[in-house]
**Student:** 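Sharing a structure here in structure tokens format.
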Amino acid sequence: MCTLGAKKIGSFFLIKSRDPLEGYEHGASVELVDAAVRKLLVKNSDGVYGGVNSFGVGVIVSSVKDKGEESKGCFIGNCVPALLDARTAEEALEMLEEMDAFCCGNVMIADPANCYVAEWCGSEVSIEDVSLRAVRTNHFVSLSHGPESRKEYPSSFRRFDRALELIRSANSVEDLQQLLKNHEAGPSELSICRHGEKNTTGAFIIDTRNRRIMYCEGHPCEGSFESFSIDKQN
């Protein structure tokens, strides 16, 4: 359960809300991984939700695991650290296309100049080359799998329409934060910042040019975004 977005505002930004299913861990943290390529990862014990590396490549995913499924190759969140070995978004996309055994989900990959959205379901994949903006929620736009109408999944289609409307006019980090805080049709399970049984427990923005993550724990409408930069980490 989440809302994903990408917007080019001089360079590409990626945004994500976290709406975990029952039984998933709610808290998460931003952690620096020291390796040949330095990486900031948003993660918890369930998996990795997104991150950015020292080359300015950012990745966000719609799900970190399938409930009750522990096979490492089965869920998209496991691929994030490996994809962040890439030096460009195109290279990360090529790495993603060589992986297999994924459950269904959406992946957004960006560097300052380029962005891609991958819709993935088993052996089927659809790639969108994003020139300016993109949005995904909990249904596919291109693949013919899962819910295909508002009646089948009201929250996903309502959040998709509202996020797409807002991201079109977003021209700053503040605008992206306001998008993640949005309560149109709410506050409720239908709003981007979700309240109710299905609840937003965090949100973040990846700035690919400045190699930083702005992370808010809990409802973004109630909290503030803390900035984490690779360049400012010890």
**Student:** Tell me who clusters with V141, hydrophobic residues only, linked when side chains sit under 4.5 Å apart either directly or through other members.
**Tutor:**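 In the cluster with V141 are I9, F13, I15, V135, F160, L164, L166, I167, V173, L176, L179, L180, I192, I205, M214, F225.
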**Student:** Who pairs with T208 by side chain to side chain donor-acceptor pair (under 3.5 Å), at least two apart in sequence or on another chain?
**Tutor:**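 T208: no side chain to side chain donor-acceptor pair (under 3.5 Å) contacts found.
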**Student:** Name all residues meeting the side chain to side chain donor-acceptor pair (under 3.5 Å) criterion together with S45; count only those two or more places apart in sequence or in a different chain, and write none if there are none.
**Tutor:**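 If we apply the side chain to side chain donor-acceptor pair (under 3.5 Å) test to S45, skipping adjacent residues, the hits are E25.
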**Student:** Just to verify, what does E31 make a salt bridge (charged side-chain N to carboxylate O under 4.0 Å, His left out) with, not counting sequence neighbours?
**Tutor:**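 Listed in chain order: K43.
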**Student:** Residues two or more places apart in sequence or in another chain: which of them pass salt bridge (charged side-chain N to carboxylate O under 4.0 Å, His left out) with K7?
**Tutor:**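 With sequence neighbours excluded, K7 shows a salt bridge (charged side-chain N to carboxylate O under 4.0 Å, His left out) to no residue whatsoever.
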**Student:** Is there any side-chain hydrogen bond (donor to acceptor under 3.5 Å, both in side chains) pair reaching into residues 86-96, and which pairs are they, with sequence neighbours excluded?
**Tutor:**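 For residues 86-96, and leaving out neighbouring residues, there are no side-chain hydrogen bond (donor to acceptor under 3.5 Å, both in side chains) pairs at all.
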**Student:** Could you work out, with salt bridge (charged side-chain N to carboxylate O under 4.0 Å, His left out) as the rule, every residue matching E217, not counting sequence neighbours?
**Tutor:**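 With neighbours one apart ignored, the set is empty.
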**Student:** Only counting residues at least two apart or in another chain, list the ones meeting side-chain contact (heavy atoms from CB on, under 4.5 Å) with A6.
**Tutor:**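 Applying side-chain contact (heavy atoms from CB on, under 4.5 Å) to A6 gives L14, M108, C115.
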**Student:** Using the side chain to side chain donor-acceptor pair (under 3.5 Å) criterion, which residues pair with E226? Sequence neighbours excluded.
**Tutor:**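 None.
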**Student:** Would you mind listing every salt bridge (Lys or Arg N to Asp or Glu O under 4.0 Å) that reaches into residues 132-142, with sequence neighbours excluded?
**Tutor:**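 Sorted result for residues 132-142: E119-R136, E128-R136.
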**Student:** What pairs of residues pass the ring pair (Phe, Tyr, Trp, His ring centres under 6.0 Å) test when at least one of them lies in residues 169-197, not counting sequence neighbours?
**Tutor:**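 For residues 169-197: H183-H195, H195-H219.
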**Student:** Keeping to residues at least two apart or across chains, list the salt bridge (Lys or Arg N to Asp or Glu O under 4.0 Å) pairs with something in residues 168-187.
**Tutor:**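 Passing the test, one end in residues 168-187: R158-E184.
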